[in-house]
Participant: 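Quick one: structure below, then a few questions.
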Amino acid sequence: MSVLILGATSPIARQLAARYAEAGWPVYVAARDGEEAARIAADLRVRFDVEATSGVFDARDFDHHPAFIEGVEAALGPISVAVLAFGAMGEQEASQEDFEAARAVIEVNYAGAVSISEALAARLSQRPGALLVGLTSVAGDRGRQSNYIYGSAKGAFALYLQGLRNRLFRQGVHVMTVKLGFVDTRMTFGMETALPIADPVEVSRALYEAANRRVDTLYYPPLWRGVMSIIRSIPEAAFKRLSL
C-alpha cells in the first residue's frame, strides 16, 4: 500500500510527505513542477530510506486523471492514502473582471479536485480502511466580497467531500475534509492579519494525527471553527454591509 500526495510542492504537503515516509510508507509525490517533485522524492529516499517516486500532476488535465492514477499504482502499488493538497487562489479582482481568470481558480480548486477524487474513489472503494484527505479553506464557509471566487470553489469542494464521505462510508473508506485558516505559505506571504498564521509543520502534524483518528472535518488552526461559526451566524441583512 502507498501514499499519494498531490500538490506536493506546498509547504504543508512537503511536511506531510515526510511524516508518512518517516512512518515507513512508500510515497508518491506529484505537482505541476515535476522537477521540484522529483527533488522532494529524492530527499525522502535519502532521509527515510523508503520507496519514493514522483510525477507531474495537472489538476486541469481532467482526461488524463484516470491514467495518472494507473501510473502511480504501477510505480508503487495500490494507493491506500491519498492527500489532495493542491490549490490556486488567484486574484479576486482579476477574477471579477476576466472569467478566464475565474475559470482557472474554479477548475483547479473544484472541477480538478472532483475529477481526481472520482478517479481515486473508483479504486479506494475496493479497499476497506483506505483514506482520502481533501484540503479546503475556511473561505468556503461563507461568501465574502474579498474572495468569493476562490471561496465558492473551496466551499463547493468541501460539500463534495461531505457527499463522498457519505458514499464511501459503507465501503469502509474514510474521507476527511481539512478547512485551513491562515497558514504560512505563498498564498499568505506579506498578508497582514490580526489572526495567527499557522506554521506548516504544525499543520502537517495536526492533519496527520487527525487522519489517523479518522476525523471527519478538521479546522486548523482550531480557533477557526469558532470564528467561522460566528461569521456564518451573522444575518445576511447585516453581513452584506460588512467589508469582509
Side-chain angles (χ1 to χ4, degrees), residues 3 5-8 10-20 81-90 92 105-106 108-110 113-114 117 131-169 173-189 191-236 239 242 244:
V3 175
I5 297 184
L6 300 174
S10 77
I12 296 170
R14 287 174 189 260
Q15 294 293 332
L16 192 59
R19 291 187 185 280
Y20 277 106
V81 177
V83 180
L84 281 63
F86 59 87
M89 181 173 285
Q92 176 71 20
V105 172
I106 294 166
V108 170
N109 293 301
Y110 180 64
V114 169
S117 293
L131 170 69
L132 187 149
V133 179
L135 272 62
T136 68
S137 170
V138 297
D141 276 16
R142 188 158 191 180
R144 296 177 293 123
Q145 61 178 290
S146 60
N147 67 352
Y148 63 84
I149 298 296
Y150 171 78
S152 63
K154 284 296 190 180
F157 183 45
L159 186 61
Y160 163 82
L161 289 171
Q162 187 177 45
L164 186 64
R165 178 162 50 248
N166 187 252
R167 169 191 158 197
L168 295 180
F169 172 75
V173 178
H174 186 66
V175 176
M176 185 170 87
T177 305
V178 180
K179 295 189 175 187
L180 297 175
F182 298 133
V183 180
D184 189 9
T185 66
R186 289 188 298 271
M187 287 186 179
T188 59
F189 181 76
M191 180 182 293
E192 295 183 4
T193 172
L195 294 172
I197 296 180
D199 185 330
V201 175
E202 295 302 319
V203 177
S204 71
R205 179 181 293 113
L207 198 161
Y208 182 76
E209 292 174 353
N212 288 338
R213 298 196 313 272
R214 296 307 196 254
V215 169
D216 289 330
T217 301
L218 172 71
Y219 279 84
Y220 201 87
L223 65 86
W224 281 97
R225 182 182 292 274
V227 170
M228 296 315 298
S229 177
I230 293 170
I231 289 177
R232 289 195 305 271
S233 71
I234 300 172
E236 190 70 17
F239 189 77
L242 300 177
L244 294 176

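Fair warning: this is a prediction, and the values are worked out from it, not measured in the lab.
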Participant: Any side-chain heavy atom of Leu207 within less than 4.5 Å of one from Val133?
Facilitator: yes
Participant: State, yes or no, whether a side-chain contact exists between Val83 and Leu16 at a heavy-atom distance under 4.5 Å.
Facilitator: yes
Participant: Mind listing the closest non-hydrogen atom pair of Ala210 and Leu218 along with its distance?
Facilitator: CB-CD2, 4.0 Å
Participant: With a 4.5 Å limit on heavy-atom distance, are the side chains of Tyr219 and Met228 in contact?
Facilitator: yes
Participant: Are Val3 and Arg19 packed together at the side-chain level, in the sense that at least one heavy-atom pair is separated by less than 4.5 angstrom?
Facilitator: no
Participant: Test side chain to side chain donor-acceptor pair (under 3.5 Å) on Thr177 and Arg165 and set out the steps.
Facilitator: CA-CA 9 Å; Thr177 305; Arg165 178 162 50 248; 3.1 Å; yes
Participant: Can you name the nearest heavy-atom pair linking Ser117 to Tyr160, along with the distance?
Facilitator: CB-OH, 3.3 Å
Participant: Closest approach of Ala211 and Leu131, non-hydrogen atoms and distance?
Facilitator: CB-CD2, 3.6 Å
Participant: Identify the two heavy atoms, one from Ser10 and one from Ala85, that lie closest to each other, and give their separation to 0.1 Å.
Facilitator: OG-O, 4.2 Å
Participant: Using a 4.5 Å cut-off on heavy atoms from C-beta on, say whether the side chain of Leu180 contacts that of Ile12.
Facilitator: yes
Participant: Is Phe86 close to Asn109 at the side-chain level, that is, under 4.5 Å between some pair of heavy atoms?
Facilitator: no
Participant: Looking at residues at least two apart in the chain, or sitting in another chain, which of them share a side-chain hydrogen bond (donor to acceptor under 3.5 Å, both in side chains) with Tyr110?
Facilitator: none
Participant: What verdict does the side chain to side chain contact (heavy atoms under 4.5 Å, CB included) test give for Gln15 and Val203, after you've listed the backbone C-alpha separation in whole Å, the side-chain angles of each residue and the deciding distance to 0.1 Å?
Facilitator: CA-CA 9 Å; Gln15 294 293 332; Val203 177; over 6 Å; no
Participant: Using every non-hydrogen atom in the two residues, find where Arg14 and Ala8 come nearest and quote the distance to one decimal.
Facilitator: CG-O, 3.3 Å
Participant: side-chain contact (heavy atoms from CB on, under 4.5 Å) with Leu135: which of Val178, Leu161, Leu6?
Facilitator: Val178
Participant: If the condition is side-chain hydrogen bond (donor to acceptor under 3.5 Å, both in side chains), which residues does Thr136 pass it with, not counting sequence neighbours?
Facilitator: none
Participant: If only atom types and distance count, is the side chain of His174 paired as donor or acceptor with the main-chain N or O of Arg214 below 3.5 Å?
Facilitator: yes
Participant: Is the backbone N or O of Ile230 less than 3.5 Å from a side-chain atom of Ser233, with the two atoms forming a donor-acceptor pair by type?
Facilitator: yes
Participant: Taking C-beta and beyond as the side chain, do Phe239 and Arg144 meet within less than 4.5 Å on heavy atoms?
Facilitator: yes
Participant: Working to the nearest 0.5 Å, report the span between OG of Ser229 and CH2 of Trp224.
Facilitator: 13.5 Å
Participant: Side chains of Asp216 and Val175: closer than 4.5 Å at any heavy-atom pair?
Facilitator: no
Participant: Minimum heavy-atom separation for Ala198 and Pro221, please, with both atom names.
Facilitator: CB-CG, 3.7 Å
Participant: Yes or no on side chain to side chain contact (heavy atoms under 4.5 Å, CB included) for Leu84 and Phe157, after CA distance, side-chain angles and deciding distance?
Facilitator: CA-CA 11 Å; Leu84 281 63; Phe157 183 45; 4.0 Å; yes
Participant: Output yes when Arg142 and Glu236 qualify as a salt bridge under the 4.0 Å nitrogen-oxygen rule, no when they do not.
Facilitator: yes
Participant: Main chain of Arg225, side chain of Lys179: is a donor-acceptor contact present, judged purely on distance under 3.5 Å?
Facilitator: no
Participant: Atom NZ in Lys154, atom CD1 in Ile106: separation rounded to 0.5 Å?
Facilitator: 13.0 Å
